[in-house]
Amino acid sequence: MTITVKEPYEVPGSEPILTEDALAFIEELHAEFGGTRNELLDARKTAQAEAAKTGTLDFPPETAEVRAGDWTVAEQPESLKDRRVEVTGPAAPAKMAINALNSGAKVWLACIEDALSPNWFNLIDAQKNLYGAARRNLSFTSAEGKEYTMRDDVTLPTVVMRPRGWHLPEKHIEIDGKPAIGGLVDFGLHFFHNAKVLSDSGEGPFYYLAKLEHYREARLWNDIFTFAEKKLGIPHGTVRATVLIETLPAAFQMDEILYELRDHASGLNAGRWDYLFSLIKYFRSSGDKWVLPDRAQVGMTQPFMRAYTELLVKTCHKRNAFAMGGMAAFIPNRREPEVTAKAIEKVRDDKSREANDGYDGSWVAHPDLVELCAEEFTRVLGENPNQISRKRDDVEIGPADLLNTEAAEGDVTESGVRGNLYVAIYYTAVWLSGNGAVAIHNLMEDAATAEISRSQIWQQIHNGTVTSDTGKTITRELVETLLNEEVERLRGEIDDADTFSKYFEPAADVVRKLVLHKEYLDFLTLPAYEYMD
Ligand SMILES: CC(=O)SCCNC(=O)CCNC(=O)[C@H](O)C(C)(C)COP(=O)(O)OP(=O)(O)OC[C@H]1O[C@@H](n2cnc3c(N)ncnc32)[C@H](O)[C@@H]1OP(=O)(O)O
Ligand SMILES: O=CC(=O)O
Ligand SMILES: [Mg+2]
């Protein structure tokens with residue numbers, strides 16, 4: 001195998017990251033595990049087609065013994081025992097990394113996934129920031145001269161890094177002339193440079209694993225961790241992973257996923273946005289039952305979302321693993337107190353519900369939300385660092401509960417379709433410009449939320465859904481008209497014509513293709529990546 005770096009441009013400070021040894025390690029990861037990753041991606045398609053045909057899903061029959069078995073995951077490391085508040089954010093730019101590290105959260109989820117636009121600069125920058133964070137010496141001076149340094153007056157958060165999901169390639173690194181696997185590049189560079197330092201300080205290396213669709217994908221990660229630990233001489237089980245249960249099939253395999261990773265598992269996280277995306281994607285052509293109300297109306301109290309989050313806590317605590325809550329999308333705005341007040345109220349409700357349900361901690365999207373999340377969990381945890389000892393034997397959830405979309409309350413409206421188009425185009429444009437998360441109308445938007453927006457529209461067209469506000473059938477023609485109108489609305493809002501033509505026009509092309517194409521395309525970020533340097 002030959003590994004080649006095809007830098008589209010030079011990124012200052014990339015030399016200590018892209019060392020010969022680190023690249024050799026990535027090459028080895030591909031040689032050992034690339035084939036299995038490719039097989040597992042193919043298996044996803046087969047599994048989805050089968051579910052769409054039968055219109056249902058069930059717990060896997062072949063793993064009944066795992067579900068019935070009396071086993072637990074390995075004892076948790078000290079630095080991960082208290083996860084009551086985790087701030088999430090992209091691992092680049094440096095100023096955001098430092099702001100997250102200084103936020104007072106217990107954990108920083110350093111994201112190279114939903115919240116990071118994977119252009120070459122950001123990828124290298126993210127690795128540089130993670131390198132500095134592991135050594136506790138990251139600093140940065142902004143163009144305006146503002147100094148950012150890591151605080152020395154608080155306990156800094158434990159860093160849990162989230163590499164890209166299995167589907168994403170990394171085109172700037174080629175293995176035998178083909179794009180490398182994004183997740184292996186992210187994990188490989190991070191592990192190679194930081195595992196020893198983090199393991200010596202008891203601070204890792206720790207990972208969040210995104211968008212898994214099967215327990216065999218968890219097995220693959222487990223094998224990668226074991227291989228990497230051996231390779232760098234780090235004790236088996238030092239790596240800890242928290243798996244996002246954010247696809248519909250994974251919700252039917254929570255025990256199995258923890259079991260596969262049991263030496264390396266820390267817990268599971270209820271990744272609500274990708275979960276909704278996955279549910280829409282899974283049953284997109286299976287009839288009206290699966291057409292959800294407008295995105296804004298599908299909250300965590302809808303019965304099928306409650307079922308999934310309740311089952312997650314029960315499963316985790318039975319296995320002595322952490323149950324981690326997800327992301328409420330409301331974002332405070334330091335310039336608009338009423339926006340902040342609403343965000344605080346909404347996020348507080350969300351965190352309070354999670355804490356009462358038994359979660360051990362949760363995510364916030366902004367440093368100004370750290371304190372309230374900590375408060376809501378502390379109210380329930382009291383003196384304890386977590387509530388793993390609270391078993392939820394009262395929870396009885398079966399496949400019908402997880403799939404109970406018919407009980408979802410709400411409507412599909414034309415203004416919802418417009419909103420989805422606006423967000424999908426806006427987010428894709430921002431992503432192409434190098435920013436993977438953005439507040440739009442005071443809501444956090446990232447790759448997962450944008451996926452919901454564009455998938456809902458495709459599904460509505462294919463099901464001939466009728467809007468409740470205007471009584472129109474959602475057709476390709478209607479969507480095309482609305483899309484053109486939303487593009488014009490955005491043109492009016494974006495002052496800079498160059499920015500519009502450079503990012504918004506290609507974004508509109510990507511979204512047009514995604515929503516109007518006869519075939520459903522699996523991920524927004526794949527066609528969008530073709531436009532990225
Ligand atoms: C579906 C999922 O996967 S959810 C998890 C993935 N998504 C995320 O992680 C999104 C995280 N959140 C964010 O990226 C940001 O909060 C945004 C983009 C939504 C809003 O960011 P901004 O528009 O910059 O917010 P705002 O202007 O209020 O920021 C104020 C300060 O807080 C910082 N800040 C805001 N959010 C974060 C964050 N999550 N991490 C670190 N710093 C942050 C900003 O950098 C800014 O710092 P500065 O004063 O030094 O310039
Ligand atoms: O990654 C989190 C999600 O909600 O998606
Ligand atoms: Mg996600």
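For ligands, and for the atoms within them, numbers begin at 1 and follow the listed sequence. All values derive from a computational prediction rather than experimental measurement.
The contact set between ligand 1 and Ala115, taken as ligand atoms under 4.0 Å from a residue heavy atom, comprises 6 (C), 7 (N), 8 (C), 9 (O). Close approach of ligand 1 to Ala437 is summarised as follows: ligand atoms under 4.0 Å from at least one heavy atom of the residue are 10 (C), 14 (O), 18 (C).
Using a cut-off of 2.8 Å, one finds that Asp274 contributes an N/O/S atom close to the Mg ion (ligand 3). At a cut-off of 2.8 Å, Glu113 is not counted among the residues with an N, O or S atom near the Mg ion (ligand 3).
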Pairs of donor and acceptor atoms involving the side chains of residues 336-344, under 3.5 Å and at least two apart or interchain, shall be tabulated with distances.
| unit_1 | atom_1 | unit_2 | atom_2 | d |
| --- | --- | --- | --- | --- |
| Thr340 | OG1 | Asn333 | N | 3.0 |
| Thr340 | OG1 | Asn333 | O | 2.7 |
| Thr340 | OG1 | Glu336 | O | 3.4 |

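For ligand 1, the polar-atom distance check finds an N/O of Asp446 within less than 3.5 Å of one of the ligand's N/O atoms. Between Lys95 and ligand 1, at least one N/O pair is under 3.5 Å apart.
For Tyr359 and Phe377, the ring centers sit 6.0 Å or farther from each other.
If you look at Asp114 and ask which of its N, O or S atoms sits nearest the Mg ion (ligand 3), the answer is OD2. Within Glu246, the N/O/S atom positioned nearest the Mg ion (ligand 3) carries the name OE1.
When the heavy-atom distances from atom 26 (P) of ligand 1 to Arg334, His366, Arg162 are ranked, the shortest goes to His366. Compare Ala365, Gly89, Ala329, Gly271 by their heavy atoms: the one nearest to atom 39 (N) of ligand 1 is in Ala365. The closest heavy-atom contact to atom 3 (O) of ligand 1, among the options Asp114, Val339, Asn333, comes from Asp114.
Between Cys111 and ligand 1 there is no heavy-atom distance shorter than 4.0 Å. Not a single heavy atom of Glu246 sits under 4.0 Å from any atom of ligand 1. Ligand 1 has at least one atom lying under 4.0 Å from a heavy atom of Tyr148.
Relative ring orientation between His441 and Tyr422 is described as parallel, the plane-to-plane angle staying below 30° on a 0-90° scale split at 30° and 60°. By the 30° and 60° cut-offs, the orientation of the rings of Trp290 relative to Phe283 is parallel.
For the residue pair Thr449 and Glu445, a side-chain donor N or O sits within less than 3.5 Å of a side-chain acceptor on the partner. In this model, a donor atom of one side chain and an acceptor atom of the other lie less than 3.5 Å apart for Thr242 and Arg83.
For Asp274, no heavy-atom contact with ligand 1 is shorter than 4.0 Å.
Distance remark: protein heavy atom not present below 4.0 angstrom from atom 21 (O) of ligand 1.
Annotation: ligand 2 has protein neighbours Asp114, Arg162, Leu244, Glu246, Gly271, Arg272, Trp273, Asp274, Trp363, Ala448, each with a heavy atom less than 4.0 angstrom from the ligand.
In Glu371, the CD atom is not crowded: 12 or fewer heavy atoms of neighbouring residues, nucleotides or ligands sit closer than 6.0 Å.
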